[in-house]
Amino acid sequence: MRRGLLSPAAHMAWTGLTAAALWSAAAAQRSRKAADREVRPGRHAVAVGLHTAWDSFNSDTAYVIVAALSLSFLIYATHRLATPRRAHARVTRRA
């Protein structure tokens, strides 16, 4: 029952984490090798691990925990990506 209700939020979070990893690598504007290092070990692996956990469990409690963790990681990743822009915007407004 809860799996069906929580599935959209969890899948949105995993897609967001993967997109955040790719966005971060693209924004770095570094070499292909540097971008690969940034994408592989970080957020993408977390998203894959959370999705694997989602498919492995058969408990409503586990689904709630995985969905909450997924959304928490998405919020954290979004905050991390937005922080440099906020700092730049503050400096720009002062000048």
Side-chain angles (χ1 to χ4, degrees):
M1 172 80 174
R2 287 194 183 135
R3 180 180 167 112
L5 294 174
L6 296 171
S7 185
H11 281 83
M12 174 194 68
W14 303 324
T15 303
L17 285 168
T18 302
L22 295 172
W23 183 272
S24 179
Q29 296 180 353
R30 290 181 269 171
S31 69
R32 170 82 175 164
K33 192 174 182 180
D36 285 347
R37 274 195 314 269
E38 189 159 334
V39 171
R40 281 193 192 131
R43 294 178 201 106
H44 184 70
V46 170
V48 170
L50 287 168
H51 198 284
T52 301
W54 180 267
D55 289 339
S56 300
F57 296 126
N58 193 18
S59 161
D60 286 347
T61 304
Y63 294 138
V64 169
I65 291 169
V66 171
L69 281 172
S70 299
L71 290 173
S72 298
F73 283 128
L74 178 61
I75 291 167
Y76 175 75
T78 303
H79 177 72
R80 290 275 315 232
L81 284 173
T83 300
R85 291 178 185 220
R86 283 190 214 127
H88 178 69
R90 276 187 234 125
V91 171
T92 305
R93 277 187 249 146
R94 289 181 195 163

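No side-chain heavy atom of Leu5 sits less than 4.5 Å from a side-chain heavy atom of Tyr63. Between Val48 and Thr52, the closest side-chain pair of non-hydrogen atoms falls below 4.5 Å. Between Trp14 and Val46, the closest side-chain pair of non-hydrogen atoms is not below 4.5 Å.
The distance from the CG atom of Leu6 to the CD1 atom of Ile65 is 11.5 Å, given to the nearest 0.5 Å.
Nearest heavy-atom pair across Ala47 and Leu17 is CB-CB, 4.0 Å. Nearest heavy atom pair, residue Leu71 against residue Ala9, reads CD2-O, 3.7 Å.
With sequence neighbours left out, Ser72 forms a side-chain contact (heavy atoms from CB on, under 4.5 Å) with no residue at all. The side-chain contact (heavy atoms from CB on, under 4.5 Å) search around Asp55 returns Arg3, His51, not counting sequence neighbours. The side-chain contact (heavy atoms from CB on, under 4.5 Å) test applied to Ile75 returns no partner, not counting sequence neighbours. Shown here are the side-chain contact (heavy atoms from CB on, under 4.5 Å) partners of Ala62, two or more places apart in sequence or in another chain: Phe57, Ser59.
Using a 4.5 Å cut-off between side-chain heavy atoms of Ile, Leu, Val, Met, Phe, Trp and Tyr, with links allowed through other members, Met12 and Tyr76 fall into different hydrophobic clusters. Follow the hydrophobic side-chain contacts under 4.5 Å out from Val64 and you reach Val66 in the same cluster.
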